[in-house]
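Structure first, then comments.
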Amino acid sequence: MKIKSAKFIKSSNHAADCPSDFIPEYAFIGRSNVGKSSLINCLCNNKKLAKTSSRPGKTRLINHFIINSSWYLVDLPGYGYANASKTEIKEFQGIIKDYFFLRKQLILAFILIDIRHDAQKIDIEFMKWLTTNNIAFSIIFTKIDKLSQSGNPNNGIEAKVGKYKDVILNNWEYLPEIFLTSSTKHIGKENILFYIDKLTSKFTQK
Ligand code: GTP
Ligand code: MG
């Protein structure tokens, strides 16, 4: 699938304010600074579409972007970062959970994970929460440009992904779909767009 048009529609501070049309929707979620907004820009070939920052906590609202006039990409606030206050984290988590409860048109959540880090409790718990609430998710590893392809056998891309898969399989019977990306180097976008296209076709055939 090619993205022919990508347009910002609105920012909402609550799921109830999100666009009301019932078209397929895909959300990007993960810890702050993991690269959610950057990946949306990379997929859409537009560096200015979603706001990005090297400082965590940039995206604070639910942002809807309409793609090819037919489906939404949604940029969500991060669900926590080192310097966030407890009140801030609670507020973001409230917005995020309401979003996932209310958006029945959501086809899939893409959970973004920074490939450099080992599995973090907050991500695994969020995946468990999605599973409990019957919300489908895939994993996208971000920033793969920061690790070597082979390099250190314990620290290269393959090793990191392998370790993460082990953690997943300790908690789930099956692995979700997994993608490897770098927004700065434009790696991995075709696979994600192909997957979205496949899921959207299924949804529209129903
Ligand atoms: P919040 O909105 O704060 O939750 O963050 P976010 O997840 O939207 O992250 P954002 O896209 O703003 O990116 C955070 C930082 O990571 C920015 O400095 C980006 O330039 C950088 N970044 C994002 N993706 C990549 C990547 O693939 N490779 C590298 N090297 N840096 C990246
Ligand atoms: Mg962001």
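In listed order, ligands and their atoms are each counted from 1.
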Compute whether any side-chain donor of one residue and acceptor of the other, for [X] and [Y], lie under 3.5 angstrom apart.
X    : Y   : answer
N63  : S11 : yes
T200 : Y26 : yes
K189 : N45 : yes

What are the two closest non-hydrogen atoms of [X] and [Y], and how far apart are they?
X    : Y    : answer
R55  : N33  : C-ND2, 3.9 Å
I168 : I139 : CD1-CD1, 3.6 Å
H186 : C42  : ND1-SG, 3.6 Å

Tell me which one of [options] gets a heavy atom nearest to [atom].
atom                    : options             : value
atom 8 (O) of ligand 1  : S37, S183, S54, P77 : S37
atom 4 (O) of ligand 1  : K36, R31, K58       : K36
atom 13 (O) of ligand 1 : S38, A50, C42       : S38
atom 17 (C) of ligand 1 : G30, S53, G35, G78  : S53

Honestly, for K146 the part within reach of ligand 1 (heavy atoms, under 4.0 Å) is side chain
Mind checking whether [X] has an N or O less than 3.5 Å away from an N or O of ligand 1?
X    : value
S32  : yes
R55  : no
T184 : yes
D145 : yes
P56  : no
L76  : no

To the nearest 0.5 Å, what is the distance between [atom1] ([X]) and [atom2] ([Y])?
X    : Y    : atom1 : atom2 : value
K128 : N133 : NZ    : CG    : 14.5 Å
I67  : S70  : CD1   : OG    : 8.5 Å
K143 : L112 : NZ    : CG    : 10.0 Å

*asked:* Under 2.8 Å from the Mg ion (ligand 2), which protein N, O or S atoms do you find? Ignore water molecules.
replied: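 Protein N, O or S atoms closer than 2.8 Å to the Mg ion (ligand 2): S37 OG, T59 OG1.
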If you have a sec, work out which protein heavy atom is nearest [atom] and how many Å separate them, to one decimal?
atom                    : value
atom 5 (O) of ligand 1  : N33 N, 2.9 Å
atom 3 (O) of ligand 1  : G57 N, 2.7 Å
atom 22 (N) of ligand 1 : K143 CE, 3.7 Å

_Centroid-centroid under 6.0 Å between F137 and F126 rings_ = no
Between V34 and F28, is any pair of side-chain heavy atoms under 4.5 Å apart?
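SC-SC contact between V34 and F28 ruled out.
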Notebook entry, point to check: Taking 4.0 angstrom as the limit, do K163 and D118 come out as a salt bridge?
Noted result: yes
I'd like to check the ring pair (Phe, Tyr, Trp, His ring centres under 6.0 Å) partners of F179; sequence neighbours left out, ordered by chain and number.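 With sequence neighbours excluded, F179 shows a ring pair (Phe, Tyr, Trp, His ring centres under 6.0 Å) to Y195, given in chain and number order.
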Here the atoms of ligand 1 under 4.0 Å from any heavy atom belonging to S182 are 27 (O)
